[in-house]
Amino acid sequence: MNSNNENIIQISEDCKLIVPDNPVIPFIEGDGVGPEVTSSMIKIVNHSVSETYNKKRSINWLEVFAGEKANKIFKKDIWLPQETLDAISKYKIAIKGPLMTPTGGGQRSLNVRLRQKLDLYVCQRPIKWFEGVPSPVITPQAVNMIVFRENSEDIYSGIEWPHDSNDVKKVIHFLKNEMGVENIIDSDNCGIGIKNMSSLGSKRLIKAAIEYAIEHDRSSVTVVHKGNIMKFTEGAFLNWGIDLILKKYHGFFDEKNKCYKFKNPNNEKDIIFKDCICDAFLQNILLKPKDYDVIATTNLNGDYVSDSLAACVGGIGISPGANINYTTGEAVFEATHGTAPDIAGENIVNPSSLILSAEMMLRYLGWNEAANNIMNAIEKVIKQKTVTADFAYQMENATLCSCSEFTDLIIEKI
Ligand code: NAD
């Protein structure tokens, strides 16, 4: 790696990335199938960047450690070293393979810790069908959404106490005696978790979704929530979104169509701002997916919604993802599947999720031409039905290929 200050991505005062031609990008290889998908992704990105920009641009990959590899190297029961967090903060953008969540010892998910430590408050998941990919729905081509899931608050904050702890007794005592709560059943054996949702956390997430819709000329933003039941958290999330639309984006309520609208300042077209209750949304994505475009949702809902939508277009093997802080510019792009220990080391894993996450990363860097070349190549390879085992067994007349053969085919098509 060739690292000097010239190769470090900077953020301008108006929060725009300033990307040098040879930026240092840290990567976490990941556990299980991590080394296989990471090696595939790096080969494809290097080839696309080099071909697209005639060798004028390249990425200086810097390996940083997390998960099992960190634990082996640091030998101190360290799964997410401070050095890794510092490197991502310094170089701003990183990409990671899947990380195993160690069981036992109270170890929390490394992915959740990484998002929280770097305050990567948006989990962005584009959901689009590639022609030929086996899907359980009849019209997967109608699914074309991008999910903005709130990443830093909600019941996932980790503010919780086990049922048999002294702390939970204190919390329950407070709730009963100070707050007049009467409906905790079996209070001697009851765990408690806190669902916290703030104006800051909600508005910055919804703003990111709105800005995306403006920049990419999308037709609507839908807030997905359970505000009918959880009024002061999920309901407030929607209300803060409406507040943002009315005050910051000069939106208005369209009486005829019963929805809010605001103008895209780039082309004066109306963008619809609507909401949907999460359980209805999970039906609607199967029944009328065309009604939805950009989605802004809370942390827990977003977890369910992202994977359910991913299933509509072929599953997590092909779904990319990114965790982004639009204020600091820091972002970690990642495979959305797990470590797949049952197939690790066999060269049969589908590397598409991490490749498409890298495609998102190149777009985030503003290297759209290199991203387009990867996207076109992967579309062509899948369309010609030369695919890894997860897809091949569900496609008619498919040709089975290994992870490395699939990688070489994409490189050939770039
Ligand atoms: P998993 O995604 O690893 O595997 C589920 C099933 O899908 C397995 O049969 C696997 O072989 C298959 N699969 C997954 N990705 C595939 C791919 N790219 N190509 C072909 N087949 C693929 O989920 P899991 O088994 O529940 O979790 C295993 C480990 O991964 C756990 O430790 C979990 O905590 C971790 N995990 C990490 C992430 C992440 O780092 N983002 C996400 C989910 C799970």
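One-based numbering, in listed order, for ligands and for the atoms of each.
Residue H173 places its NE2 atom among 12 or fewer non-hydrogen atoms of other residues, nucleotides or ligands, all under 6.0 Å distant. In L287, the CG atom is crowded: over 12 heavy atoms of neighbouring residues, nucleotides or ligands sit closer than 6.0 Å. Within 6.0 Å of OH in Y212 there are more than 12 heavy atoms belonging to other residues, nucleotides or ligands.
In this pair, W367 and Y53 present their aromatic rings perpendicular. The plane angle is above 60°, beyond the 30 to 60° band.
Atom 35 (C) of ligand 1 has its nearest heavy-atom neighbour, among I343, L99, N111, V37, in L99. In this comparison of A389, P341, G338, the heavy atom closest to atom 25 (O) of ligand 1 sits on P341.
Distances below 4.0 Å separate heavy atoms of P98 from the following atoms of ligand 1: 40 (O). Shown in contact with A335 at under 4.0 Å from a heavy atom are these atoms of ligand 1, numbered in order with element: 41 (N).
For ligand 1, the polar-atom distance check against T339 finds a nitrogen or oxygen pair separated by under 3.5 Å.
A donor-acceptor pair is defined here as one N or O able to donate and one able to accept, closer than 3.5 Å; such a pair exists between the side chain of T297 and the backbone of V224.
Taking a 4.0 Å cut-off on heavy atoms, S352 fails to register as neighbouring ligand 1.
By the salt bridge (charged side-chain N to carboxylate O under 4.0 Å, His left out) test, K380 is found to be paired with no residue, residues two or more places apart in sequence or in another chain being considered.
In D342, the part holding a heavy atom less than 4.0 Å from any atom of ligand 1 is the side chain.
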